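One structure is given here, and the rest of the page talks about it.
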Amino acid sequence: MIDWIATDGLTDYAAATAFMETRADAIAAGTAPETIWFVEHPPLYTAGTSAKVKDLTDPDRFPVYTSKRGGQYTYHGPGQRVVYVMLNVAERGRDVRCFVRDLESWIIATLAEFNVTGEIRNGRVGVWVQRPDKPRTATAEIAEDKIAALGIRLRKWVSFHGLSINVDPDLSHFDGIVPCGIRDHGVTSLVDLGLPVTMTDLDLALRRTFDAAMTRRSCAA
Amino acid sequence: MLAISGPFRTLDLLGLFQRLIYRTAVIFLTCGAGTAVSGFLTHHPRLRLAPIPRIPLISRALGLAVTLVLTLTDLVILGDLPDGPGEMFGKTGAALLVSTVIVTLGHLAARTEPAPATTNRPAIIFDRLPLEKRGVLLSLSVEDPYVRNSTTKGSAMILMRLADAIREAGDTPGLQAHRSHRVARAAVASACKTGETAVLTLLNGTQNPVSRRCITDLRTAGLWPARPSERTAP
């Protein structure tokens, strides 16, 4: 049984991290159920364990938090749904790569609820959408923008941190960092794609698609 | 043969069937003890020794282990203990001599074994990289649960294990610098150690940490400065 929590308003990042770590420990100890937590943060940047200082191009713009999750710099802010995923990976196959693929599938299935085709790209973490309406890239390929980010950490085989999906954030806020260290591609949101989706719509879609995406017990390499 | 001929008083003490069991037990137990001891001393990561200290060390350990096994086997099956220190020393000396010969011959045989035929395995990991990042492979680094593949054309994160990434790198000559980092031999620009921190700087400017246990291999490969005592005069 999963405890689904949705917090209204803007949640302080440090408080959210403290809650996650406490809850992850409790899940590992068997004293709390698995938890999925929907939040929104005030504008901030987080630096994952692989973040490079040069990728923080505007360090004075928003608070910068050092995070224990994997990955590089990420922006969180109003209009972006952050989904903290505190699940027992040991009971879900004990395969962290399979678990990440499941999370990617969950995001893609959720976007599909709004007729958005999210795709995984080798070499680029996150979920991407093609932008045929934008100029082609220098290599004459269709432009692609990132719509969802992913970054987890495990403690005693319980995951925390999770994913974020851009519903309607101020996309200019991403200009202060090189998101995930990727310079050659842009960032988009559901509203930027022309879809009048609300946070509530997204939350319902996430809950609808969760079971099919996350209850698999095996995955191909 | 030994079961039939019955040397070392076994002809007097045991019947033919018992001698067969005794000899079989001796063979299996001494071989098992020898394999375990030499395997441990050869492959233990903290005992990476050059041949000169390794051969006598393994020989002695092997000889003592075999002596112990033989003594225990004699005690259990024959109810027989060595008659005083003289016999014990003789038995130990014989075991040490035989184990030294076996270990030395094994080492020489391994040196003269032909190198396995190269299969020229392709670096299929490039199939996973975006086209614009497919340059010369510089390094593979774990950023759990991903592996960062750095090439001369940039870097890309792939959701895979480091062991799989190394396998898919094919015949690209490389060395493990750390349990989470593998570097291509041709990619190392410099090596330095500051205090307890050892790093390899690659041609693209990235720095990869070096663990203490990997320094020996890097030094052997010529990618890490030799100890002052190993440097030859110009």
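Source: prediction; values computed, not measured. Just so it is clear: chains get the letters A, B, ... in the order the sequence lines come, proteins before strands, and each one is counted from 1.
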Phe19(A) meets the ring-ring contact (aromatic ring centres under 6.0 Å, His included) criterion, sequence neighbours left out, with Trp37(A)
Checked Leu129(B), Leu131(B), Val147(B), Leu159(B) vs chain A; the most non-hydrogen pairs under 4.5 Å come from Leu159(B)
side-chain hydrogen bond (donor to acceptor under 3.5 Å, both in side chains) with Thr188(A): which residues, sequence neighbours excluded? Arg131(A), Asp192(A)
Can you list the residues that meet the side-chain hydrogen bond (donor to acceptor under 3.5 Å, both in side chains) rule with Tyr45(A), with sequence neighbours excluded? none
Between chain A and chain B, are any donor-acceptor pairs under 3.5 Å, and how far apart is each one to 0.1 Å?
from	atom 1	to	atom 2	distance (Å)
Ser50(A)	OG	Glu143(B)	OE1	2.7
Arg97(A)	NE	Pro145(B)	O	3.2
Arg97(A)	NE	Met160(B)	O	3.1
Arg97(A)	NH2	Asp144(B)	OD1	3.4
Arg101(A)	NH2	Leu159(B)	O	3.4
Asn122(A)	ND2	Arg128(B)	O	3.3
Gly123(A)	N	Met157(B)	O	3.1
Gly123(A)	O	Met157(B)	N	3.1

How close do Gly123(A) and Pro130(B) get, counting heavy atoms only, and between which atoms? CA-CD, 4.2 Å
